[in-house]
Undergrad: 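To start, I am sharing the structure in question, which I have written as structure tokens.
When reading the values below, keep in mind they use all heavy atoms of this one structure, side chains included, and skip hydrogens, waters and symmetry mates.
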Amino acid sequence: MARFEAVYKETYGRITAYAARRCDSPQDAADVVADTFTVAWRRVDELPEGEQATLWLYGVARKVLANRRRTGRYRQERNADLDAEVADLYGRRPDGGVELDAIARAFRGLPGDDRELLSLVAWEGLGREEIATVLGLTRNAVRVRLHRARKRFARALAEADVPLTTTRRLVPAERSR
């Protein structure tokens, strides 16, 4: 009981933010968080120690979201907040002219796996090793898939006539590990 409470207090904010960025409404996000921590409660003996617990919970939340999508309870991907996030990252430049709707459309047009990888880097601030843990992949597989996802995003942005500068990355650089 004490172990679950400690992990809950430590990770609740991050898991809630993760869910909120992927859900249409606060109610949907709350349901995902509740389901995620229900799994954690039931499987508390499997809950890893330290930062690995957060990564494990990201993986659980990811599966909860996938289940909600498959069963039709998850209505559609969040667009308005994504537009705001993308605008914060790329759109508000003094030299302006970036069409935020075009960026959001380009992002939404990516395959789901690409969106998830780019989101784990940009929104959750995870590094390759952490993403590998969340997705159950090797670090090298994450490196290759992330490289390809960035290329596809760059191509989609170019097709949408969204100008990028050479100093601006498509997704913030991975923090060193």
Undergrad: Quick one: list whatever passes side chain to side chain donor-acceptor pair (under 3.5 Å) with Q27, sequence neighbours left out.
TA: S25
Undergrad: Got a sec, which residues hit salt bridge (Lys or Arg N to Asp or Glu O under 4.0 Å) with R148, two or more places apart in sequence or on another chain?
TA: none
Undergrad: Taking all non-hydrogen atoms of both residues into account, name the closest pair between I15 and T36 and its distance.
TA: CG2-CG2, 4.1 Å
Undergrad: Using side-chain contact (heavy atoms from CB on, under 4.5 Å), reason through D28 and R68 one step at a time and then give a plain yes or no.
TA: CA-CA 10 Å; D28 288 343; R68 292 175 66 82; 3.7 Å; yes
Undergrad: Are the charged groups of E130 and R14 less than 4.0 angstrom apart, N to O?
TA: no
Undergrad: Got R143 and T138 here, is their nearest side-chain heavy-atom distance under 4.5 Å?
TA: no
Undergrad: Check the pair Y18, L120 against side-chain contact (heavy atoms from CB on, under 4.5 Å), reporting the backbone distance first and the verdict last.
TA: CA-CA 9 Å; Y18 177 90; L120 286 169; 3.7 Å; yes
Undergrad: Between atom OG1 of T133 and atom CZ of R139, what is the distance when rounded to the nearest 0.5 Å?
TA: 10.5 Å
Undergrad: Atom CG in L146, atom CG in L137: separation rounded to 0.5 Å?
TA: 11.5 Å
Undergrad: Rounded to the nearest 0.5 Å, how far does CD of E10 lie from OG1 of T54?
TA: 5.5 Å
Undergrad: Of the non-hydrogen atoms in A53 and P48, which two are nearest, and what is the gap between them?
TA: CB-O, 3.3 Å
Undergrad: Could you go step by step and tell me if V44 and M1 meet the side-chain contact (heavy atoms from CB on, under 4.5 Å) rule?
TA: CA-CA 9 Å; V44 71; M1 175 75 154; over 6 Å; no
Undergrad: Going by heavy atoms in the side chains, are L126 and L55 under 4.5 Å from each other?
TA: yes
Undergrad: Please name all residues satisfying salt bridge (Lys or Arg N to Asp or Glu O under 4.0 Å) with R3, sequence neighbours left out, ordered by chain then number.
TA: E49
Undergrad: Tell me the closest heavy-atom pair linking V32 and C23, and the distance in Å.
TA: CG2-SG, 3.8 Å
Undergrad: Can you tell me if R115 uses its side chain to pair, donor with acceptor, with the backbone of L110 under 3.5 Å?
TA: yes
Undergrad: For V7 versus T11, what's the shortest heavy-atom pair and its separation?
TA: O-OG1, 2.7 Å
Undergrad: Taking it one step at a time, do V64 and D31 satisfy side-chain contact (heavy atoms from CB on, under 4.5 Å)?
TA: CA-CA 9 Å; V64 167; D31 288 345; over 6 Å; no
Undergrad: To the nearest 0.5 Å, tell me how far I131 CD1 sits from E116 CD.
TA: 9.0 Å
Undergrad: Just wondering, do E124 and V134 contact through their side chains at under 4.5 Å, heavy atoms?
TA: no
Undergrad: Any chain of hydrophobic side-chain contacts (each under 4.5 Å) joining V144 to L118?
TA: no
Undergrad: Do you know the tightest heavy-atom contact between V33 and A19?
TA: CG2-CB, 3.9 Å
Undergrad: Can you find a heavy atom in the side chain of D113 that is under 4.5 Å from one in the side chain of R145?
TA: no
Undergrad: Can you confirm whether R150 sits close enough to V121 that some side-chain heavy atom of one is under 4.5 Å from a side-chain heavy atom of the other?
TA: yes
Undergrad: Among all residues two or more places apart in sequence or in another chain, which pass the side chain to side chain donor-acceptor pair (under 3.5 Å) test with R43?
TA: E46
Undergrad: Apply side chain to side chain donor-acceptor pair (under 3.5 Å) to R152 and list each qualifying residue two or more places apart in sequence or on a separate chain.
TA: D114
Undergrad: Mind listing the closest non-hydrogen atom pair of A156 and A106 along with its distance?
TA: CB-CB, 3.9 Å
Undergrad: Hey, could you give me each pair passing ring pair (Phe, Tyr, Trp, His ring centres under 6.0 Å) that has a residue in residues 29-54? Not counting sequence neighbours.
TA: F4-W41, Y8-F37
